[in-house]
Amino acid sequence: MTGNARILVVDDQPTIVDLLATVLTGHGFAVDTAGTAAQAVAKAAEQRPDLVLLDVSLPDGDGMDVRRRLGAEGDDTGVVFLSARDTRDDLVAELAYGGEDWITKPFDVEVLLARVHAVLRRLADAPGNRVLRYADVELDQETGEVQRAGEPVALPPRERELLRQLLRDPGRVLSHRRILAEVGADDPDGGPEAVDRLVGSLRRELERLGPPLIVTHPGFGYALRAALP
């Protein structure tokens with residue numbers, strides 16, 4: 001879900017909006033922006049984002065009011081609050097209004113990205129989110145069915161589990177060690193070579209129906225990332 005997720009950035013400070021839009025777009029997210037509470041509600045209804053980065057203080061209301069309005073309209077989009085407030089009571093109040101997390105301003109970009117990925121993973125694993133998607137690949141977590149470009153892809157259990165791990169966090173590198181721990185391989189004691197064979201098998205099956213999606217990071221591991229048009 002995470003790599004091609006749509007994120008709505010809501011903040012009345014253009015410098016913050018521009019920074020977040022640039023960083024998130026550079027990491028493969030689709031980004032929409034809004035500078036007021038009214039714009040945020042309208043954009044959320046129009047674009048149906050997977051996550052909203054929502055400033056608590058807006059010119060025509062506050063972020064918690066926006067979250068209430070979204071909930072009243074049946075929108076269960078995940079929300080991460082952006083807040084200059086850092087007291088315990090403020091943060092508890094923000095989470096009580098339906099936020100999945102908060103980030104205190106000023107924020108570190110790498111920390112923000114990590115929080116975004118973590119929240120999107122939690123949302124993807126929530127009950128009801130049974131289908132993981134990236135580019136033209138889909139995996140139904142309940143039935144185990146895999147499709148690419150609408151065509152079925154028959155995968156053995158280990159390849160299917162590897163795809164699931166990659167789909168949970170597109171763009172993030174899975175290390176050889178993590179793949180061995182979470183997925184296994186044909187030879188669990190084979191180290192990187194066993195992982196390479198497993199990834200190669202998954203690649204072959206996916207590339208029968210479309211362009212490469214799995215990117216190699218030499219010495220580190222693998223990530224799911226579509227080529228830029």
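For clarity, every value in this text was computed on a predicted model and none was experimentally measured. The figures here come from the full heavy-atom set of this structure, side chains too, leaving out hydrogens, waters and symmetry mates.
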Apply side chain to side chain donor-acceptor pair (under 3.5 Å) to Arg204 and list each qualifying residue two or more places apart in sequence or on a separate chain. none

Tell me, please, which residues at least two apart from Gln39 pass side-chain contact (heavy atoms from CB on, under 4.5 Å). Ala34, Thr36

Using a 3.5 Å cut-off and no angle test, enumerate the donor-acceptor pairs between side-chain atoms of residues 213-223 and protein atoms at least two apart in sequence or in another chain.
| unit_1 | atom_1 | unit_2 | atom_2 | d |
| --- | --- | --- | --- | --- |
| Thr216 | OG1 | Arg203 | NH1 | 3.3 |
| Thr216 | OG1 | Arg203 | NH2 | 2.5 |
| Tyr222 | OH | Asp196 | OD1 | 2.3 |

Which atom names give the shortest non-hydrogen contact between Leu51 and Val79, and what distance separates them? CD1-N, 4.0 Å

Below 4.5 Å, heavy atoms only, C-beta onward: do Thr143 and Asp140 meet side chain to side chain? yes

Nearest heavy-atom approach of Ala21 to Thr25 is O-OG1, 2.7 Å

Check whether Leu20 and Val111 end up in the same hydrophobic cluster, where Ile, Leu, Val, Met, Phe, Trp and Tyr are linked by side-chain heavy atoms less than 4.5 Å apart. no

Is the shortest side-chain N to carboxylate O distance from Arg133 to Asp50 below 4.0 Å? no

If I compare all heavy atoms of Val17 with all of Asp11, which pair ends up nearest, and what's the gap? CG2-O, 3.3 Å

Hey, is the main chain of Leu58 close enough, under 3.5 Å, to the side chain of Asp55 for a donor-acceptor pair? no

Linking I/L/V/M/F/W/Y whenever any side-chain heavy atoms sit under 4.5 Å apart, do Leu24 and Phe107 land together? yes

Does some side-chain heavy atom of Ile179 sit less than 4.5 Å from a side-chain heavy atom of Gln165? no

On a heavy-atom basis, the closest approach of Asp12 and Gly35 is CB-O, 3.5 Å

With a 4.5 Å heavy-atom cut-off, do Arg160 and Leu139 have their side chains touching? yes

Do any N or O atoms from the side chain of Lys43 and from the backbone of Thr33 form a donor-acceptor pair under 3.5 angstrom? yes

Is there a path of hydrophobic side-chain contacts, each under 4.5 Å between heavy atoms, that joins Ile16 and Phe29? yes

Please check: side-chain N/O of Asp60 versus main-chain N/O of Ala38, any donor-acceptor pairing under 3.5 Å? yes

Test item: Leu54 and Leu82 side chains (from C-beta on) under 4.5 Å apart, heavy atoms: no

Please identify each residue that fulfils side-chain contact (heavy atoms from CB on, under 4.5 Å) with Leu209, with sequence neighbours left out. Arg148, Glu151, Val153

Qualifying residues under side-chain contact (heavy atoms from CB on, under 4.5 Å), relative to Glu159, sequence neighbours excluded: Leu155, Pro156, Leu198, Ser201, Leu202

Any side-chain heavy atom of Leu206 within less than 4.5 Å of one from Leu163? yes

With sequence neighbours left out, write down each residue that passes side-chain contact (heavy atoms from CB on, under 4.5 Å) with Arg172, or none if nothing qualifies. Arg121, Asp169, Arg178

Does this structure show an ion pair linking Glu161 with Arg158, if we count only N-O contacts that are shorter than 4.0 Å? no

Applying the 4.5 Å side-chain criterion to the ILVMFWY set and letting contacts propagate, would Val23 and Val80 be lumped into a single cluster? yes

